[in-house]
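Note sheet for the following structure.
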Amino acid sequence: MAPKLSSARRGRLTPQQYIDGVLRGDRVVLARAITVIESELPADIEIAAKVLNALLPQTGKARRIGITGIPGAGKSTFIDTLGMYLIRERHEKIAVLSVDPSSPISGGSILGDKTRMEKLAVEENAFIRPSPARGHLGGVTRRTRETMLLCEAAGFENVLVETVGVGQSETAVRSMTDFFLLIMLAGAGDELQGIKRGIIEMVDAMAINKADGDNERKAERARVEYSNALHLFPASPDGWIPPVITMSSLTGKGIPQLWETILKHRAQLELSGFLVLRRKRQALDWMRELIVTGLEDLFRADREVAARLPLLENAVKDGKVTSLVAARELLSTFMHKEVN
């Protein structure tokens with residue numbers, strides 16, 4: 001028999017209780033399951049593996065949408081407005097995985113997305129999970145992909161991943177989503193010069209936000225300029241031509257049109273077979289990344305390596321040893337132990 005809501009709040013659950021709670025859409029159990037997924041404790045890692053493996057057949061049906069944009073573009077406000085449109089107009093559920101930047105000094109994170117998404121935060125058919133990036137490249141956490149699978153198994157038809165911002169490493173979100181949206185502003189200077197070419201080449205659509213009031217004319221002019229710029233890039237292998245849309249998160253203008261664009265893109269991917277191919281490739285890429293991070297965890301957990309690492313780091317900083325020599329010594333220490 002599935003555990004009651006109150007028991008989920010009291011203590012640690014069994015893998016089957018996590019599985020049952022997620023499948024029935026219990027948001028409290030879902031949140032706890034995500035905490036287990038994000039944990040680095042060996043016991044939690046074992047539970048997470050069992051839960052994910054059992055839930056895998058119930059995943060893969062949701063629309064996976066990545067959202068990035070320049071600072072101040074209004075990503076969180078946009079998600080709040082879009083989410084309410086999906087819930088009230090389309091009667092669909094939405095999960096938002098929002099990654100807050102972690103301080104490189106203290107490691108702390110603001111985790112304020114629930115306060116920025118005031119409407120969604122109180123909706124029963126919405127689930128918002130803010131998580132600290134903890135310095136992980138890509139603007140996403142190490143467990144964002146697994147968290148996405150849990151949300152899909154819990155019955156959320158739409159899963160949005162809001163990244164930290166725009167930068168060279170922010171494109172990791174593209175490797176886990178079906179649709180990649182870049183949010184921009186009009187009249188904020190020479191914006192295209194500040195955006196990495198790699199991000200522009202991967203977008204499935206660009207949205208000019210805050211196209212309301214006196215800014216509406218500027219937004220339309222920016223739309224034309226961005227559209228012309230996008231035509232300079234090579235065509236996507238799936239044949240999709242990224243559109244540029246003007247919208248207002250304040251008034252809701254352009255939100256339905258943007259969502260229709262997302263649905264049209266999904267239909268084209270499914271018809272061409274690119275959706276299946278993309279997700280297969282993403283799964284393999286994630287497996288390979290997990291192997292690399294797993295090896296690094298094993299490497300740093302090795303006692304001999306842990307003892308030598310700070311000494312060699314100081315030697316490298318003081319110019320007594322080259323980075324190459326230090327790295328080779330540490331790897332040799334680790335590999336020699338593994339071989340024996």
Side-chain angles (χ1 to χ4, degrees), residues 8 12-67 93-100 102 109 111 113 127-164 169-180 278-298:
R12 180 185 293 272
L13 303 181
T14 66
Q16 191 58 50
Q17 286 176 316
Y18 282 120
I19 294 166
D20 293 340
V22 170
L23 287 177
R24 70 172 182 269
D26 187 325
R27 293 189 298 173
V28 173
V29 177
L30 174 60
R32 290 182 59 116
I34 293 173
T35 299
V36 171
I37 293 293
E38 293 177 337
S39 172
E40 296 180 3
L41 296 175
D44 287 339
I45 292 174
E46 288 297 320
I47 294 175
K50 292 178 181 178
V51 172
L52 286 167
N53 199 47
L55 292 176
L56 188 60
Q58 307 302 322
T59 66
K61 300 180 182 68
R63 305 177 189 94
R64 302 172 180 176
I65 303 165
I67 298 174
K93 298 171 70 177
I94 177 173
V96 181
L97 309 181
S98 184
V99 184
D100 270 320
S102 300
S109 178
L111 299 180
D113 292 274
F127 177 78
I128 303 174
R129 177 68 179 201
S131 300
R134 296 193 179 112
H136 186 60
L137 293 179
V140 294
T141 72
R142 287 179 60 175
R143 301 300 180 213
T144 301
R145 290 170 177 84
E146 283 84 356
T147 301
M148 184 184 303
L149 295 179
L150 290 180
C151 292
E152 290 183 343
F156 291 92
E157 299 101 325
N158 307 288
V159 180
L160 276 62
V161 182
E162 180 193 9
T163 66
V164 171
S169 63
E170 301 302 314
T171 56
V173 70
R174 189 66 180 91
S175 69
M176 69 179 76
T177 56
D178 309 319
F179 189 92
F180 188 41
R278 178 177 293 181
R279 289 197 171 180
K280 285 182 177 180
R281 185 170 59 247
Q282 289 175 349
L284 283 176
D285 289 344
W286 182 228
M287 182 194 74
R288 291 162 182 160
E289 185 173 338
L290 286 176
I291 290 173
V292 172
T293 56
L295 286 172
E296 183 178 355
D297 290 341
L298 288 174

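- Of the listed residues (R278, R281, R63, R279), just one forms a salt bridge (charged side-chain N to carboxylate O under 4.0 Å, His left out) with D178, and that residue is R279.
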*Report the C-alpha separation of L284 and R288 in whole Å, then their side-chain angles, then the decisive distance to 0.1 Å, and conclude whether the side-chain contact (heavy atoms from CB on, under 4.5 Å) test is met.*
CA-CA 6 Å; L284 283 176; R288 291 162 182 160; 4.3 Å; yes
*asked:* Set out, in order, the CA-CA distance, both residues' side-chain angles and the distance that settles side-chain contact (heavy atoms from CB on, under 4.5 Å) for L150 and F127, then state yes or no.
replied: CA-CA 12 Å; L150 290 180; F127 177 78; over 6 Å; no
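- With hydrogens and angles left out, the side-chain atoms of R129 and T144 include no donor and acceptor closer than 3.5 Å.
- In this structure, the side chain of R145 does not engage the main chain of M176 through any donor-acceptor pair within 3.5 Å.
- Side chain of D44 to main chain of V36: no donor-acceptor pair is present (N/O by atom type, distance under 3.5 Å, no hydrogens or angles).
- In terms of heavy-atom proximity, G66 sits nearest to V173 at CA-CG2, 3.8 Å.
- Within the 3.5 Å criterion, the main-chain N or O of L55 finds no donor-acceptor partner in the side chain of Q58.
- Closest heavy-atom contact between C151 and L97: SG-CD2, 4.0 Å.
- Checked by atom type and distance alone, the side chain of T177 never pairs as donor or acceptor with a backbone atom of F180 at under 3.5 Å.
- Looking at every heavy atom in both residues, A153 comes nearest to L23 through O-CD2, 3.8 Å.
- Between Q282 and R64 the shortest side-chain heavy-atom distance falls below 4.5 Å.
- Using a distance-only test at 3.5 Å, with no hydrogens or angles considered, a donor-acceptor pair links the side chain of E157 to the main chain of K93.
- What you find for I19 and K50 is that their closest heavy atoms are CD1-O, 4.4 Å.
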